[in-house]
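All values below were derived from every heavy atom in this structure, side-chain atoms included, with hydrogens, water molecules and symmetry-related copies excluded. All chains are named by letter (A, B, ...) in the order of the sequence lines, taking the proteins before the strands, and each is independently numbered beginning at 1.
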Amino acid sequence: MSDFKPRFLKPSDTSSFLDKNEPQSLESTDFIYNKHLSQSIQTQRQRLPIFNNRNHILYLLEKFQTLVLVGETGCGKSTQIPQYMIEAEWPLSIGVCEPRRVAAISLANRVADETGSLVQQETVGYAVMFDACNNKPKIKYMTEGILLREMMSDPLLKDYSAIMIDEAHERTLYTDILMGLMKKILKRRKELRLIVASATLDAKALQEFFNNNPTDDKKKDTAVIMSVEGRQFPVDVFYVAEPVPCYLQASVDTVLKINESKQPGDILVFLTGQEEVERTVRLLNEHANLIEESRKKEKIVVLPMYGSLPHHDQLKVFRSAPDGYRKVVVATNIAETSVTIPGIVHVIDCGFVKLKWYNNETHTDSLVTLPISKSSADQRAGRAGRLRSGKVYRLYTEEFAAKLADNTPPEMVRSNLTYAVLQIKALGIANILKFDFPSPPPIQNLKSALEILYALDAIDIEGELTRPLGFNIAEFALDPLYSKVLFSSGEFGCSEEILTIIAMLQVETVFTKPSTGNSIIKARIQKRLFEVEEGDLITYLNVFNGFIQSDMSQGFCHKNFLSYKGLKRVVEIRRRLEKMLRNYGVPIESCIRSTEMIRKCLVKGLFPNAAYLHHSGSYKTIRGDIELSVHPDSVLYTIPQPQWVIFCQVVHTTKLFMRDLTVIDSDWLLELAPHFYFKTTFHE
DNA sequence: CTTCTAGCG
């Protein structure tokens, strides 16, 4: 077990936008275990499964414009194909798009190692937001959003011979936007090549999407599919005979059963959320203690893994268990794609996943628990077969498995599209309703997005981006509502305060929640010191200012139950936003404690999220008449309910809860967003 | 009287 060698990131990846995910972990395409470490780089490259297909791939790329490449993770496609193309003397750059920053950076490092001794410098580079190296490398690894930005200044991607969209099966919002745009560009630039790399079997649909002449047999196909075998070992699949009443208990039982059977290898459990993970870890730890006492059975170490777990704790899952112990990792979906945990031989799969789903009637995102798709089930199972042949225990019946959808619905069909639509518009697509989406979203979702963009004055009545505001908002890496607030802050003379508030909204809460009785009360008392009746956002402003006045001291954070790391990150984000805002000529000034100007400025962008106190005692949105409640975390929860509020987000659990509230005056809505709120709305 | 799957710009 000791020959696992995680590759750590170079220190250049210190962008604090990423702090909470930074670790970490290695992306699934990275090579964690390299049994050929002592061999020369060239020998290693030739050992990759993809090497046998080298000439065939190059041939297909000569003949076809689009290559849909199906290959399991670890076959080497994302590191090797760009090198093959350079070796075959394709003249311009090869761009590789990754869904995650860590992946882009670690792939670039890997390929730089491989090519370093052979080719001159400047061969390989990467670009992720706020961090780039090598201006125009021959092979460029980047995040998907970066290529979109490049398209804004270079719509035909004239610097590139080929673009590779990696991990396309994940179907992020950006993957889909990129694929739609690439289809257009390919028609205009016949010499450009596209490689769509996917781990699953939706290849046929992708090929059809990119095939220019699918029905006319006189013209030849422009897209082709090819499969590359991975270095995956076989995985035995087990189903439960009868549906289990509780998959948490079932997963605990299954872990213990595997452990008693004394088959070697670590165990990975897939559950849906943080709370489930922690409960299961507690249950397993109780058993682990019993096991230690009995001294007979094999001992286990139990580790949680989920996105908001502190950095330090996330890293623990990459270490192998001490001698005489078996590692049991209880994880959310993070372990399905984002993170590869070494040593796993057994996978336990609950069969469910939490997905964000946009509800067009309430205009809110909900987090819903749904059965996974077949490709997701396969992906989870595959986590067991990376070391040697493995086993997956599915906590659902074979009938249930047969009924699963083939693929998880792409984000495009289940997201709030405001930002995506703005991006597509900024890339020169006039009629968004006719845009060729790989999976068209519901028309209503598109219309809602257009409505909001129009109300924000980011597009005009013709649907054209406005100048300069629409273009500026498109360039800003924020929710358009927040960008609008920022760009309005100059006219209200409160950009200093607004910068702080928006930066605070970019991190998870900076209030830490102690778990033991006494501290819970103490934390609540300390929080009161910052609270104001104007709401949460002004409260955040007080917290931040207090932190700055304390010279960013850790003692201040400790005393007030605040997250030092979180606030440091806010400082960094704020610094970046301020720099960007200055570039757009917005004056940076303070309104010195006039919260009215700040709150008016917030209304200028957040007006679609307004709610009033209905005589029934709960709040209702003005658009849509949806019933909402104040979230118990809000400072407004414990004081008499104000008549009018605006909110930043809604979470859907037992009810629809508004979070991050600000108290407003109803007159401001008419004054600042008259086009959105006609007077009649108020008198119904 | 309670949340926060994952991730990007």
Exercise. Which of these, A:R574, A:R575, A:K568, sits in a side-chain hydrogen bond (donor to acceptor under 3.5 Å, both in side chains) with A:E572?
Worked result: A:R575
Problem set entry | Of the listed nucleotides B:dC1, B:dC8, B:dA6, the one nearest the side chain of A:T332 | B:dA6
Exercise. Do A:Y306 and A:E278 have a side chain donor and acceptor closer than 3.5 Å?
Worked result: yes
Seminar exercise, completed: When rounded to whole Å, the CH2 to P distance for the pair A:W357 and B:dT5 reads 17 Å
Seminar exercise, completed: A:E411 CD to B:dC8 P, in whole Å, measures 11 Å
Exercise. Given atom CD of A:Q506 and atom C1' of B:dG7, what is their separation to the nearest angstrom?
Worked result: 14 Å
Exercise. Any side-chain donor-acceptor pair under 3.5 Å between A:D159 and A:S93?
Worked result: no
Exercise. What is the distance from CG of A:L577 to C1' of B:dG9, rounded to the nearest Å?
Worked result: 11 Å
Exercise. Taking A:T172 as the fixed residue, which of A:E144, A:E167, A:R100 is the one that meets the side-chain hydrogen bond (donor to acceptor under 3.5 Å, both in side chains) rule?
Worked result: A:E144
Exercise. Any chance the rings of A:F530 and A:Y540 have centres within less than 6.0 Å?
Worked result: no
For this session: Could you check how far CG of A:L147 sits from C1' of B:dC8, rounded to whole Å?
Result: 14 Å
Exercise. Whole-Å distance between B:dT5 P and A:R171 CZ?
Worked result: 25 Å
Close N/O contacts between protein and nucleotides 2-4 of chain B (under 3.5 Å):
| from | atom 1 | to | atom 2 | distance (Å) |
| --- | --- | --- | --- | --- |
| B:dT3 | OP1 | A:T653 | OG1 | 2.7 |

For this session: For A:L478, report the nucleic acid contact type (base, sugar-phosphate, nothing); a contact means any heavy atom under 4.0 Å.
Result: base
Exercise. How long is the line joining CG of A:N416 and P of B:dG9, in whole Å?
Worked result: 19 Å
Seminar exercise, completed: Comparing nearest nucleotides in DNA chain B, the 5'-proximal residue of the pair A:G145, A:R414 is A:R414
For this session: Classify the nucleic acid contact of A:Y306 as base, sugar-phosphate or nothing, counting any heavy atom under 4.0 Å across all strands shown.
Result: sugar-phosphate
Exercise. Roughly, in whole Å, what's the span from CE in A:M305 to P in B:dT5?
Worked result: 14 Å
For this session: Return the set of residues passing ring-ring contact (aromatic ring centres under 6.0 Å, His included) with A:Y396 (not counting sequence neighbours), or none when no residue passes.
Result: A:F400
For this session: Taking the side chain as every heavy atom from C-beta outward, state whether A:I267 and A:I344 have any pair of such atoms under 4.5 Å apart.
Result: no
For this session: Tell me what A:T172 touches on the nucleic acid: a base, only sugar-phosphate, or nothing, going by heavy atoms under 4.0 Å.
Result: nothing
